[in-house]
**Q** 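Here it is: the structure, laid out below.
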Amino acid sequence: MPGPPPRAILFVDGNNWYHGLKKIGVDAYALDYPRVAQKLLMGRTLGEIRFYIGRVTGDRDRIAKQAVKLAALEAQGIRITYGRIQRNPIPPDRNPALVRLRRILEDNNHRLPADLLRDLDALSSLSIMDYVEKQVDVAIAVDLVRMAFTDQYDVAYLLSADADYVSAVQEVQRRGKRVIAAKAHSERSDALGKVIPVIPLDAEWFAGL
């Protein structure tokens, strides 16, 4: 008699997944994830869907918008794991656009009106903020390995094309578990694709989901 179907868990790298799908015109937060899982798993038994995302802080409007989106995912039975968003200032001398603007001003300062030159000079001296997601990749990698070691799945579906997961995936494989990645077809997955199957998904794949 055939044994029970393999147990599967979906690990969703929220930020990576969102931006990849956005490029093909799909809203990652509007999907019916149990149906997405059913289509991906092809008969395997779904254990759970785990969604990893950096928690927005600071701006109340952005916090509220994220809370609404994630509450909708939780209503589908999805487990949310939070990382954090780190704000890193980028000084003007490390911003290529501002460096270029500074050079243009230096070459053309004698031809520009004084008030415009003053405003552009002030603009070229501004620092901007870069927002970097932290702890999400680590949380996914740890859970991939931990749950493989405690035999909580047979097949892990990784919804991401990020090469940072290669080492964790290889450790999972050494435990006899399978990992399959899925990504928007527009994303590169060269490093990950060398160690596991990667399913490229286009907008038509998500029709009705």
Side-chain angles (χ1 to χ4, degrees), residues 2 4-56 61-83 85 131 133 136-137 139-141 143-144 147 152-166 168-169 172-173 177-209:
R7 302 161 298 155
I9 293 180
L10 261 66
F11 297 84
V12 186
D13 180 343
N15 189 56
N16 187 295
W17 179 245
Y18 168 79
H19 286 289
L21 294 194
K22 186 177 181 180
K23 293 177 182 177
I24 61 171
V26 175
D27 182 355
Y29 288 102
L31 292 172
D32 182 331
Y33 278 91
R35 293 180 65 194
V36 170
Q38 184 180 29
K39 190 170 182 179
L40 275 175
L41 266 54
M42 301 178 63
R44 297 181 175 97
T45 300
L46 176 64
E48 63 176 329
I49 302 172
R50 304 172 68 93
F51 194 96
Y52 300 76
I53 193 72
R55 189 190 294 274
V56 171
D61 185 53
R62 293 177 67 234
I63 292 172
K65 287 180 179 178
Q66 185 186 56
V68 169
K69 291 178 178 179
L70 296 182
L73 294 184
E74 289 182 318
Q76 297 183 39
I78 297 172
R79 179 170 179 170
I80 309 294
T81 297
Y82 290 97
I85 304 294
Y131 295 86
E133 193 174 57
V136 170
D137 291 359
I140 294 175
D143 283 351
L144 270 170
M147 297 175 76
Q152 295 184 51
Y153 65 81
D154 302 305
V155 183
Y157 282 82
L158 178 61
L159 274 55
S160 175
D162 197 330
D164 290 344
Y165 300 118
V166 168
V169 164
V172 166
Q173 291 173 320
K177 306 298 184 180
R178 289 192 65 195
V179 183
I180 300 170
K183 67 172 186 70
H185 74 85
S186 59
E187 290 187 285
R188 295 179 64 90
S189 57
D190 298 347
L192 200 58
K194 290 179 180 178
V195 295
I196 57 173
V198 179
I199 304 171
L201 307 175
D202 58 20
E204 291 184 3
W205 190 92
F206 292 96
L209 300 178

**Q** Give me the atom names and distance for the closest heavy-atom approach of Ala184 to Gly20.
**A** CB-O, 3.1 Å
**Q** Using every non-hydrogen atom in the two residues, find where Ala191 and Ala163 come nearest and quote the distance to one decimal.
**A** CB-CB, 3.6 Å
**Q** Is any side-chain heavy atom of Leu31 closer than 4.5 Å to one of Leu21?
**A** yes
**Q** Do the side chain of Gln152 and the main chain of Gly47 share a donor and acceptor less than 3.5 angstrom apart?
**A** no
**Q** For Val172 and Leu144, work out which heavy atoms get closest and say how close.
**A** CG2-O, 3.5 Å
**Q** Got a sec: does the CD of Gln38 have more than 12 other heavy atoms crowding it under 6.0 Å?
**A** no
**Q** Considering all heavy atoms of both residues, which atom of Asp162 and which atom of Ser160 are nearest to each other, and what is their separation?
**A** N-OG, 3.1 Å
**Q** Measuring from atom CD1 of Ile24 to atom CD of Glu204, what distance do you get when rounded to the nearest 0.5 angstrom?
**A** 10.5 Å
**Q** May I ask you to decide if Ile53's main-chain N or O and Asn15's side chain share a donor-acceptor pair within less than 3.5 Å?
**A** no
**Q** Looking at Lys39 and Trp205, would you say the former's side chain and the latter's main chain have a donor-acceptor pair under 3.5 Å?
**A** yes
**Q** Could you state the interatomic distance from CG (Asp154) to NZ (Lys177), rounded to the nearest 0.5 Å?
**A** 5.0 Å
**Q** Between CD1 of Ile49 and OH of Tyr33, what distance do you get to the nearest 0.5 Å?
**A** 8.5 Å
**Q** Can you check whether Ile140 reaches Asp164 side chain to side chain, under 4.5 Å on heavy atoms?
**A** no
**Q** If you measure from OH on Tyr18 to NZ on Lys69, what distance do you get to the nearest 0.5 Å?
**A** 5.0 Å
**Q** Using a strict cut-off of less than 4.0 Å between a Lys/Arg side-chain nitrogen and an Asp/Glu carboxylate oxygen, indicate whether Asp190 and Lys194 qualify as a salt bridge.
**A** no
**Q** For a 4.5 angstrom cut-off between non-hydrogen side-chain atoms, does Ile180 reach Ile196?
**A** no
**Q** Tell me, do Val179 and Tyr165 make a side-chain contact under 4.5 Å, heavy atoms counted?
**A** no
**Q** With a 4.5 Å limit on heavy-atom distance, are the side chains of Pro200 and Lys183 in contact?
**A** yes
**Q** Rounded at 0.5 Å granularity, tell me how far CD1 in Ile9 sits from CG in Asp143.
**A** 9.0 Å
**Q** Does any part of the side chain of Ile199, heavy atoms only, come nearer than 4.5 Å to the side chain of Pro197, both counted from C-beta?
**A** no
**Q** Rounded to the nearest 0.5 Å, what separation is found between the CD atom of Glu48 and the CE atom of Met147?
**A** 4.5 Å
**Q** Is the ring pair Tyr153/Phe11 parallel, tilted or perpendicular, if the boundaries are 30 and 60 degrees?
**A** perpendicular
**Q** Quick one: does Asn16's side chain get under 4.5 Å of Asp137's, heavy atoms only?
**A** no
**Q** Do you know the tightest heavy-atom contact between Val198 and Gly193?
**A** CG2-CA, 3.7 Å
**Q** Kindly say whether Gly208 contributes a backbone atom to a donor-acceptor pair with the side chain of Arg35 at under 3.5 angstrom?
**A** yes
**Q** Are any of the side-chain heavy atoms of Leu159 and Leu40 separated by less than 4.5 Å?
**A** yes
**Q** Output yes when a side-chain donor or acceptor of Gln173 lies under 3.5 Å from a complementary backbone atom of Val195, and no otherwise.
**A** yes
**Q** What closest approach, in Å, do Ala8 and Arg44 show between heavy atoms, and which atom pair accounts for it?
**A** CB-CB, 4.2 Å
